[in-house]
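Computed over heavy atoms, backbone and side chain alike; hydrogens, waters and symmetry mates excluded.
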Amino acid sequence: MTATSRGPAERPARAVTKGLSDGIRRTTLASGLRVITEAIPGSRSASLGVWVGIGSRDETPAMSGASHFLEHLLFKGTHKRTALQISAEIEAVGGETNAFTTKEYTCYYARVLDTDLPLAVDVLCDAVADSILEPADVEVERGVILEEIAMHEDEPSDEVHDIFTETIFGAHPLGRLISGTEESITPMTRTQINGFYRRRYTAPHIVVAAAGNLEHATVVRLVRKALAGSALDSSAADPAGPRAGSKRVPHQKPHTVVRNRDTEQAHVVLGGVGIGRRDERRFALGVLNNVLGGGMSSRLFQEIREKRGLAYSVYSYASQYADAGLFGVYAGCAPGKVEEVLDLTRTELSRVASKGLTAEEISRGKGMVKGSYVLGLEDSGSRMSRLAKSELLYGDLMSVDELLGRVDAVTADDIDAIAAELLSQPMSLAVVGPFDEAAFS
């Protein structure tokens, strides 16, 4: 592991550059903003991301959805470009740009030909650092977001996951919708959003990551130029470390929530609390998750779909945050088959919790984890994301070989311990379908 921890003596009066591993370098600007790149010789593309360590969990209840609202607005125009120019300049060279918001960070990214990376840097940095947030644009995007919320509610396979998350975390920010709700988005003012923007989008919380056919020094120079004179060209500061979170995120007692919908298919998620992303047991959980419900060879898929044909889609998953997590099993099936599907799921979870996995399953699970990770680094976009997430969320960059070694080091005892803890706990249930609450009492 190549550590990137920083002591007081490292407060940069000027830019500080370090080599992290072959082809990967990081420069910390005096403002605290970090630029991290990976050179991929022979590639003719380049991916760029401006990652901000601010997400929906940083919002008050009244500002729920502000991060996502802001994500929309930053593409609506700056002092230098109109909304059309922001999109047209990238599309004119065959590139693509987009953004997404999570509970703990927001990313603005572009993928272009290597020769067009200077343009991508200028456009994205301009959008993130110098957006105008015109009142008229706020109203237009408010309507778009309200439609997005309504559309999401019409997708029960998505809605059930949000309901499940709320059953775990309740009113805690991790339990709220990233998009906000109609009740929070409708009254939100331009002044409130702009205040959130200027308070939260500061240089120490930003990582600019790039991967592809590039030179690190050139990218740093381009970022400096693009941000010169902007709000992110600020006085000297330390970069923000990885989010520490609270000592203990409160969670609700296990319970059932049923959302009555006139659907042809029922959607259920059964599960409970999980572990945080810095928990050393995350490697064992990754193996366990793949064997339990991570693919067509998984236990749940084989038992519920292959052998009995009870569901088209069934899988398990783990969501991890700085200081908390959840673990769940999703299934979509005919309403009349829900009870059987839930019974089979509970039986399988109990079996794994008490008896663990076989040696063959553990070997297969490790292969699935390692393969998905390495194959996921085949393009510049995934490599760019790896750099940014390592820096922003962990504060260090684990080499591919070290990560694979950590997976190989997982033992049967490690898996037994995490399975016994997570799979034998009392669980919550979220249901979307043609039912009332009493149906699952």
Side-chain donor/acceptor pairs under 3.5 Å, residues 149-157, sequence neighbours excluded:
residue	atom	partner	partner atom	Å
H152	NE2	D162	OD2	2.4

Short N-O contact, D323 and R277, less than 4.0 angstrom: no
E159 and H267 side chains, donor-acceptor separation under 3.5 Å: no
Nearest-0.5 Å distance, CD1 of residue I168 to CD of residue Q252: 8.5 Å
CG on L422 to CG on L285, rounded to 0.5 Å: 6.0 Å
Heavy-atom pair of closest approach, residues A226 and D122: CB-OD1, 3.9 Å
Geometric class of the H172/F169 ring pair [parallel <30°, tilted 30-60°, perpendicular >60°]: tilted
Validation row, ring centre Y317 to ring centre F327 under 6.0 Å: no
Exercise: do N289 and S316 side chains pair donor with acceptor under 3.5 Å: yes
Note, I36 side chain near V208 side chain (heavy atom, < 4.5 Å): no
Y373-R386 side chain donor-acceptor pair, cut-off 3.5 Å: yes
Residues E38 and H216: side-chain donor-acceptor under 3.5 angstrom: no
E378/R383 ion pair, N-O < 4.0 Å: no
Ring geometry between Y105 and W51 (parallel below 30°, tilted from 30 to 60°, perpendicular above 60°): tilted
